[in-house]
Structures are given as C-alpha cells and as structure tokens.
Amino acid sequence: MYELWSNYENFPRFMSHVVEVRDIGRRRSHWVVQGPAGTQFEFDSVLTEQSKNRRLAWRSEPGAQIPNAGSVEFEPYRGGTRVTVRLSYTPPAGVLGHGLASLWARTRNARWTTTWRA
C-alpha cells in the first residue's frame, strides 16, 4: 500500500476527484482536483514527512487556491495494511464554501468506500 500512495501520480486511479498529479521535483507535486459543481482547483504541495512503509505527510505551498495539509499512516492489520488518511483544507468562499465542501465531502466519502471495496 505504501508504494501505491507514495507515487502521487497513481491517485487519479483510485481517487475520483483527483484529475492529475505531476511530480515537479524537490519533494513537490502539482495537483489538479475536481471540486463541487464541476469546478477544478490547482495547487502545489510539498512532502513534509516520509517514513517508508509508515507515514507520508504534506502541506500545500503558499498561494494555493485551497490551502491544505494531511497525512497517510500505514500499519499492519490482520494480515494486511490499515491506511489512515487525515486531511484538512480551507475551502474558498467562506461560509458558503464550507457548506458546499461538507456536501461534497459526504458524496466523496461514499465513493471512497466503494472504490476501496472494489
């Protein structure tokens, strides 16, 4: 699982809202993601922690349309690997943006579960 997650260019294969991820060097990547109502957002991200087979962490670089940070942790579990994802972000458009983001997250969570069970 770690190898799949550590190569960000794989993300569009299992995260339906990720349109494209490109490695831009020096632990940085450029992301294009689909947001609510067909919107697309782009940002650059920097890898802040990488502990092989254990943890990845990142944060968006200054000026991102949607400032964000997160981590993915991997731990052995019942003969497989438990993956724990933590993500925080600040949607644009204040209160309205938060409302749309909440609706969008509920829809995306349902897709996420389905994707991993497939």
Side-chain angles (χ1 to χ4, degrees):
M1 291 301 290
Y2 176 86
E3 294 302 324
L4 177 70
W5 282 82
S6 64
N7 182 354
Y8 307 127
E9 292 170 351
N10 286 323
F11 278 39
R13 294 175 40 202
F14 62 91
M15 296 181 86
S16 60
H17 65 286
V18 177
V19 176
E20 176 187 7
V21 184
R22 287 189 327 269
D23 183 344
I24 56 176
R26 297 187 342 211
R27 299 171 61 100
R28 297 171 54 238
S29 52
H30 180 79
W31 294 68
V32 179
V33 297
Q34 184 178 356
T39 57
Q40 282 194 350
F41 298 94
E42 298 188 30
F43 61 90
D44 291 340
S45 183
V46 61
L47 187 64
T48 59
E49 184 179 342
Q50 184 172 24
S51 179
K52 188 163 178 73
N53 295 322
R54 296 188 60 213
R55 180 176 160 86
L56 297 166
W58 69 91
R59 65 167 169 71
S60 57
E61 295 203 308
Q65 289 177 303
I66 300 179
N68 65 86
S71 65
V72 183
E73 295 177 358
F74 308 89
E75 62 182 306
Y77 182 74
R78 296 185 181 179
T81 303
R82 176 181 293 185
V83 178
T84 303
V85 179
R86 291 183 176 86
L87 176 65
S88 64
Y89 60 95
T90 304
V95 174
L96 176 61
H98 280 284
L100 286 172
S102 294
L103 176 61
W104 183 63
R106 283 193 295 271
T107 302
R108 293 297 174 193
N109 285 342
R111 290 183 188 170
W112 176 269
T113 301
T114 301
T115 300
W116 282 105
R117 289 182 182 160

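- Cluster membership check: Met1 shares its hydrophobic cluster with Val18, using side-chain heavy-atom separations under 4.5 Å among Ile, Leu, Val, Met, Phe, Trp and Tyr.
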Donor-acceptor pairs are to be reported for all side-chain atoms of residues 62-73 against protein atoms at under 3.5 Å, with residues two or more places apart or in another chain.
from  : atom 1 : to    : atom 2 : distance (Å)
Gln65 : OE1    : Glu42 : N      : 2.7
Asn68 : OD1    : Trp58 : NE1    : 3.4
Asn68 : ND2    : Ile66 : O      : 2.9
Ser71 : OG     : Arg55 : NH1    : 3.4
Glu73 : OE1    : Arg86 : NH1    : 3.4
Glu73 : OE2    : Arg55 : NH1    : 2.7

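- Note: the hydrophobic cluster containing Trp5 does not contain Val46 (ILVMFWY, side chain heavy atoms under 4.5 Å, direct or indirect links).
- Within a 6.0 Å sphere centred on CZ of Arg54, heavy atoms belonging to other residues, nucleotides or ligands number 12 at most.
- Cluster annotation: Val85 is connected to Leu47 through the hydrophobic network of ILVMFWY side chains, with a link wherever side-chain heavy atoms come within less than 4.5 Å.
- Separation of atoms CZ (Arg22) and NE2 (His30) is listed at 4.5 Å; rounding is to 0.5 Å.
- Under the 4.5 Å side-chain heavy-atom criterion for grouping Ile, Leu, Val, Met, Phe, Trp and Tyr, Phe74 is connected to Leu87 within one hydrophobic cluster.
- Using bins of under 30°, 30° to 60° and over 60° for the plane-to-plane angle, the ring pair Trp31/Phe43 lands in the parallel bin.
- Between Tyr2 and Asn53 there is a side-chain heavy-atom pair separated by less than 4.5 Å.
- Within the structure, salt bridge (Lys or Arg N to Asp or Glu O under 4.0 Å) pairs that include any residue of residues 59-68 comprise Arg28-Glu61 (at least two apart or interchain).
- By the 4.0 Å N-to-carboxylate-O rule, Glu3 lies close enough to Lys52 to be salt-bridged with it.
- Between the side chain of Thr48 and the backbone N or O of Ala57 there is at least one donor-acceptor pair closer than 3.5 Å.
- Ring-plane geometry between Tyr8 and Phe11 is classed as perpendicular, the angle between the planes exceeding 60 degrees on a 0 to 90 degree scale with a lower cut at 30.
- The hydrophobic cluster around Val19 extends to Val32, counting ILVMFWY residues whose side-chain heavy atoms fall within less than 4.5 Å of a member.
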